[in-house]
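Along the sequence shown, residues carry numbers from 1.
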Amino acid sequence: VQLVESGGAAVQNGGSLTLSCASSGYTANTGCMGWFRQNPGKEREGIAVVYGGGGFPLYADSVKGRFTITQDNAENTVYLQMNNLKPEDTSMYYCAADSRLWLCAGSPLDSSRYDHWGQGTQVTVS
């Protein structure tokens, strides 16, 4: 399984970005797939995940109402539309996926439930 993120950039406070995660070797609608972020010295935080074929998006409180996750099952790609970005959103953003729906659906924002990770894409808000 390979996950490749793109779309990270430096933006101003209040700006918008869309991150993409293209997967190969993983079928997007079979398990859980989503976005996490991590800053140096801090734990990886789950922020937006879709599971059960994309019909169940779940968001962390810190991004609810500002970020939207969507899934293109035909392209095996998930997107994260980020609006009204704040400096505290500055982080390395990682895409993750796991086909074991029975495992990840129990706590979809828990990073320990994911086996496959991308290399990350940096988002900087100033």
Side-chain angles (χ1 to χ4, degrees):
V1 174
Q2 196 169 28
L3 304 175
V4 180
E5 304 101 332
S6 61
V11 296
Q12 292 195 337
N13 191 12
S16 297
L17 274 178
T18 300
L19 305 183
S20 301
C21 174
S23 64
S24 59
Y26 171 79
T27 303
N29 64 352
T30 59
C32 303
M33 193 167 179
W35 293 93
F36 295 73
R37 64 187 182 188
Q38 187 173 25
N39 285 318
K42 298 202 172 178
E43 289 192 1
R44 193 163 290 191
E45 174 191 14
I47 56 171
V49 173
V50 288
Y51 60 105
F56 300 97
L58 184 66
Y59 299 94
D61 288 343
S62 58
V63 305
K64 203 173 290 183
R66 299 187 298 122
F67 291 9
T68 302
I69 186 170
T70 56
Q71 184 174 20
D72 184 332
N73 291 333
E75 298 293 328
N76 287 329
T77 300
V78 290
Y79 301 93
L80 185 68
Q81 173 67 43
M82 305 186 293
N83 296 326
N84 190 22
L85 283 161
K86 305 174 182 180
E88 51 263 42
D89 294 316
T90 295
S91 189
M92 184 70 78
Y93 284 71
Y94 296 91
C95 177
D98 202 291
S99 61
R100 299 169 296 174
L101 185 61
W102 58 269
L103 175 63
C104 57
S107 186
L109 294 177
D110 180 352
S111 62
S112 69
R113 299 192 180 222
Y114 291 79
D115 261 359
H116 308 295
W117 293 87
Q119 81 288 351
T121 187
Q122 178 69 37
V123 173
T124 303
V125 186
S126 60

Under 3.5 Å, side-chain donor or acceptor atoms of residues 40-47 against the rest of the protein: list the pairs with distances, not counting sequence neighbours.
from: Arg44; atom 1: NE; to: Gln38; atom 2: OE1; distance (Å): 2.9
from: Arg44; atom 1: NH2; to: Gln38; atom 2: OE1; distance (Å): 3.0
from: Glu45; atom 1: OE1; to: Arg37; atom 2: NE; distance (Å): 2.9
from: Glu45; atom 1: OE2; to: Ser62; atom 2: OG; distance (Å): 3.0

Identify, with sequence neighbours excluded, every residue that meets salt bridge (Lys or Arg N to Asp or Glu O under 4.0 Å) alongside Arg66.
-> Asp89
Please list, chain by chain and in numerical order, all residues satisfying salt bridge (Lys or Arg N to Asp or Glu O under 4.0 Å) with Lys86, sequence neighbours excluded.
-> none
Under the 3.5 angstrom rule, does the side chain of Tyr114 hit a backbone N or O of Met33 as a donor-acceptor pair?
-> no
Quick check: does any side chain N or O of Asp98 sit under 3.5 Å from a backbone N or O of Gly31, one acting as donor and the other as acceptor?
-> no
Disulfide bond (SG atoms under 2.5 Å apart) pairs, two or more places apart, involving residues 96-126 | Cys32-Cys104
Sequence neighbours excluded, which residues qualify as side chain to side chain contact (heavy atoms under 4.5 Å, CB included) partners of [X]?
X     : answer
Glu75 : Asp72, Thr77
Val11 : Leu17, Leu85, Val125
Ser6  : Ser20

Test side chain to side chain donor-acceptor pair (under 3.5 Å) applied to Thr70 - qualifying residues, sequence neighbours left out | none
For Asn13, check side chain to side chain donor-acceptor pair (under 3.5 Å) against everything at least two apart and list the hits.
-> none
Tyr51 ring center within less than 6.0 Å of Phe56 ring center | yes
So which pairs with a foot in residues 111-126 pass salt bridge (charged side-chain N to carboxylate O under 4.0 Å, His left out), sequence neighbours left out?
-> Arg100-Asp115, Asp110-Arg113
Sort and list the pairs that fulfil salt bridge (charged side-chain N to carboxylate O under 4.0 Å, His left out) and have at least one residue in residues 117-126, not counting sequence neighbours.
-> none
For the residue pair Val123 and Leu19, establish whether any side-chain heavy-atom pair is separated by less than 4.5 Å.
-> yes
Does Gln12 CD have over 12 foreign heavy atoms under 6.0 Å away?
-> no
Which residues share a ring-ring contact (aromatic ring centres under 6.0 Å, His included) with Tyr93, sequence neighbours left out = none
Which atom names give the shortest non-hydrogen contact between Ile69 and Gly34, and what distance separates them?
-> CD1-CA, 3.9 Å
